[in-house]
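First the structure, in the form of structure tokens, and then the observations on it.
Convention: sequence-line order gives letters A, B, ...; per-chain numbering from 1.
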There are 2 protein chains.
Amino acid sequence: MSRTSARTSGLPPTLADVAERAGVSRQTVSNAVNNPDLLRADTLLRVQQAIADLGYLPNRAARNLRTRASHLIGLRIQAAQEGTANATMDRFVHSLVETSREAGYHVLLFTGDPTDPLSGYEDLLRSTAVDAFVVTDTYLGNPQAEWLDGRRAPFVAFGRPWENPGATHAWVDVDGAAGCESATRHLLAKGHEKIAWIGWRKDSRIGEDRRAGWHRAMKEAGLPTSGLASRVEDTVASGREASEVLLDEAAPTAFVCASDTLAMGVLHTLGLRGLRVGDDVAVVGFDDSQVAQVVRPGLSSVRQPLEDVAIEVVTALEGLLGRPRVAQQGVLLTPSLVVRDSSGPDRV
Amino acid sequence: MSRTSARTSGLPPTLADVAERAGVSRQTVSNAVNNPDLLRADTLLRVQQAIADLGYLPNRAARNLRTRASHLIGLRIQAAQEGTANATMDRFVHSLVETSREAGYHVLLFTGDPTDPLSGYEDLLRSTAVDAFVVTDTYLGNPQAEWLDGRRAPFVAFGRPWENPGATHAWVDVDGAAGCESATRHLLAKGHEKIAWIGWRKDSRIGEDRRAGWHRAMKEAGLPTSGLASRVEDTVASGREASEVLLDEAAPTAFVCASDTLAMGVLHTLGLRGLRVGDDVAVVGFDDSQVAQVVRPGLSSVRQPLEDVAIEVVTALEGLLGRPRVAQQGVLLTPSLVVRDSSGPDRV
DNA sequence: ATGAAAGCGCTAACAG
DNA sequence: CTGTTAGCGCTTTCAT
């Protein structure tokens with residue numbers, strides 16, 4: 001051996017240290033860790049004892065070098081938008097970290113120039129720092145998917161390939177239309193007939209999808225929708241202004257919104273006009289943000305099953321990275337509606 | 001060479017590929033990357049050209065193995081608490097990721113058994129997966145610091161060593177007392193004299209610190225504090241109940257709270273009693289959460305300078321990991337007060 | 001079932 | 001200033 005044993009040096013124990021202590025070769029120790037079935041029961045036990053005694057854990061860098069895998073998955077995050085209720089990402093990050101760990105992966109966070117959806121990916125990929133990516137900001141038109149596909153980089157998207165339905169990469173998404181449809185039905189069941197929609201600008205595919213859910217539910221109920229929809233920026237002020245206009249021009253008794261941020265704008269308007277939230281006008285948001293949870297009265301909201309999204313994402317990742325490669329197509333999950341006081345009572 | 005060159009194989013180019021193309025030895029390429037000053041100008045240029053041509057980037061695993069460093073820093077995160085307005089961690093994570101990148105580090109996220117403050121650290125440390133940790137959940141009594149210190153693992157704490165003021169490790173914290181003092185002074189300046197405190201249970205050092213700021217400001221103004229303080233759990237319901245009791249028994253005209261979550265509870269009480277937020281009773285929270293930003297009326301709140309915290313943390317980290325080792329002691333940063341409508345008008 | 005040999009891609013130490 | 005040598009700690013052949 002070319003270096004002092006672990007006990008004398010301050011360095012962590014290596015395979016060689018364990019081998020020496022157990023009286024076997026290094027290879028046998030490696031097998032004990034990675035292919036225990038190959039060892040005879042008593043040898044295995046002896047090696048495991050030595051491993052425990054020494055507190056041995058394989059050195060990551062060495063293993064990574066050898067296996068050409070880092071067991072790291074990269075996730076690009078953006079700054080939370082101040083002044084909004086958006087918090088999907090943070091809940092997702094936590095779920096992903098948790099689920100990844102169970103699959104033997106850690107999550108490496110990185111940021112990039114917000115105006116360049118590609119920045120940050122390339123360096124990590126070329127330096128083999130991560131095995132795969134989870135791509136989340138697909139609303140940007142999602143050039144990442146195409147780019148990563150081109151480099152044959154494994155990745156799973158949280159978000160459908162809106163722009164390119166023929167894309168073959170793995171993705172997981174939440175059915176926003178279904179969420180808004182169930183929110184609208186919920187209000188219809190309470191007796192509302194004039195239910196307004198406040199969503200995002202038309203260039204947002206996600207926004208149009210959610211809007212379609214509202215529209216479908218209204219049509220199914222045989223109710224008109226014209227004059228009841230508004231498309232604005234995702235800010236509280238926009239939600240407030242849009243709801244003012246809608247109240248003046250169409251007098252809806254309920255609002256379904258594409259986000260909790262917009263829903264908060266509606267609550268502002270109701271407050272300013274002395275209308276009682278829930279009792280006079282019902283409101284449902286989207287995301288089940290902390291804001292929805294702590295505001296008074298509580299804001300009903302569509303909640304994305306982010307824990308399940310993480311599970312599906314990691315499953316897809318394992319398929320992509322495992323041997324044999326198991327390709328997964330798209331997975332669409334259904335959100336649930338969290339009912340709070342802003343839904344109001346039944347209007348029998 | 002023992003393997004096909006990068007162009008023919010699908011693998012990324014290596015040092016050897018670059019060396020061959022530039023007509024120099026591998027070592028020279030390594031120097032071109034890590035110690036450019038050592039090369040003659042023309043050689044450097046030639047090597048850099050080859051690097052650019054090939055799109056070469058050093059393989060992380062190999063470099064990590066050789067240098068015994070991963071350039072990764074570990075950060076343990078916990079699930080965001082639903083039903084609260086707490087969001088410090090998410091803002092901090094983003095700032096840390098951003099700042100770390102500038103220093104050449106990436107952030108590796110991990111979770112652990114919530115009941116065991118140590119879980120998760122050990123494996124990463126022993127497997128040499130990270131170079132250092134950023135420890136944040138110091139409110140747990142912070143056994144991590146001692147434990148990490150014992151293993152001589154580099155780490156920086158976001159949070160003071162409350163339990164052990166003699167601790168020598170690097171830490172960065174925000175002066176909660178100063179924040180609450182300035183919040184209280186802000187209300188005093190508006191003409192309030194009966195300013196109540198709603199904070200956390202006595203075993204929370206952070207809570208006691210924040211409370212001290214309120215207390216100090218009141219004393220300096222020559223105002224009594226007895227009967228004006230309450231210590232409860234960090235939930236909206238607790239804030240609501242505490243404010244009801246305080247209003248009944250002491251009739252304060254303003255509240256300073258240890259968190260936005262508690263402040264939301266106060267807003268609930270005011271709403272239920274028909275008291276106008278700001279006009280009748282002023283409220284100030286702590287954290288400048290999204291909730292504070294989007295609720296109506298806006299909630300004044302103490303904002304932690306998390307971007308600066310991240311900068312100080314990374315600076316300390318660089319000192320810890322750099323050569324020579326530069327030890328940093330504690331850094332205490334001052335938060336700022338974000339004034340919104342819940343502060344109310346001047347009560348001349 | 002266990003061991004020996006080779007090498008992943010890089011850099012520290014030294015030689016020239 | 002550049003090249004040679006020798007590993008970092010691990011796993012993948014291939015013998016035994």
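Ring centroids of B:Y121 and B:F155 are separated by 6.0 Å or more, keeping the two rings apart.
What separates CG of B:N34 from P of C:dG9 is a distance of 17 Å, to the nearest Å. In this entry the distance linking CG of B:L44 with P of D:dC1 reads 11 Å, nearest Å. The distance from atom CG of A:L65 to atom P of C:dA6 is 18 Å, rounded to the nearest whole Å. Look at CG on B:N31: it is 20 Å from P on C:dG9, rounded to the nearest Å. In this entry the distance linking CZ of B:R60 with C1' of D:dC10 reads 20 Å, nearest Å. Atom CZ of A:R26 and atom P of D:dC14 are 19 Å apart (whole Å). Atom CG of B:N59 is separated from atom P of D:dC10 by 17 Å (rounded to the nearest Å). The CG-P distance, from A:L38 to D:dT13, rounds to 13 Å in whole Å.
The side chain of A:S30 places no N or O atom within less than 4.0 Å of a non-bridging phosphate oxygen (OP1 or OP2) of D:dC10. Not one side-chain nitrogen or oxygen of A:T43 sits closer than 4.0 Å to the OP1 or OP2 atom of C:dA1. Of the side-chain N and O atoms in B:T14, none sit less than 4.0 angstrom from OP1 or OP2 of C:dG9.
In the model, B:N59 has no side-chain atom that pairs as donor or acceptor with a side-chain atom of A:R126 under 3.5 Å. A donor and an acceptor atom, one from each side chain of B:S70 and B:N64, are nowhere located under 3.5 Å apart.
A:L15 comes within contact range of at least one nucleobase, with a heavy-atom separation under 4.0 Å. At a threshold of 4.0 angstrom between heavy atoms, the contacts of A:N64 with the nucleic acid are absent.
Listed nucleotides C:dA1, C:dA4, D:dG3 differ in distance to A:S25; the shortest reach to its side chain belongs to C:dA4. Checked against C:dA5, D:dG9, C:dA1, the side chain of A:Q27 finds its nearest nucleotide in C:dA5. In this structure, the nucleotide among C:dT11, D:dT2, C:dT2 sitting nearest to the side chain of B:T67 is C:dT11. Considering only the side chain of A:R63, D:dT11 comes nearest among D:dT11, C:dT2, C:dG9. Of the candidates D:dC10, D:dT2, D:dC8, the closest approach to any side-chain atom of A:Y56 belongs to D:dC10. Checked against C:dC10, D:dG3, D:dC8, the side chain of B:T28 finds its nearest nucleotide in D:dG3.
Ring geometry, A:F158 versus A:F92: the interplanar angle falls from 30° to 60°, so the pair is classed tilted.
With DNA chain D read from its 5' end, the first of the two nearest nucleotides for B:R66 and B:G23 is the one closest to B:G23.
Residues B:L124 and A:H106 form a side-chain contact, since some pair of their non-hydrogen atoms from C-beta on lies under 4.5 Å apart.
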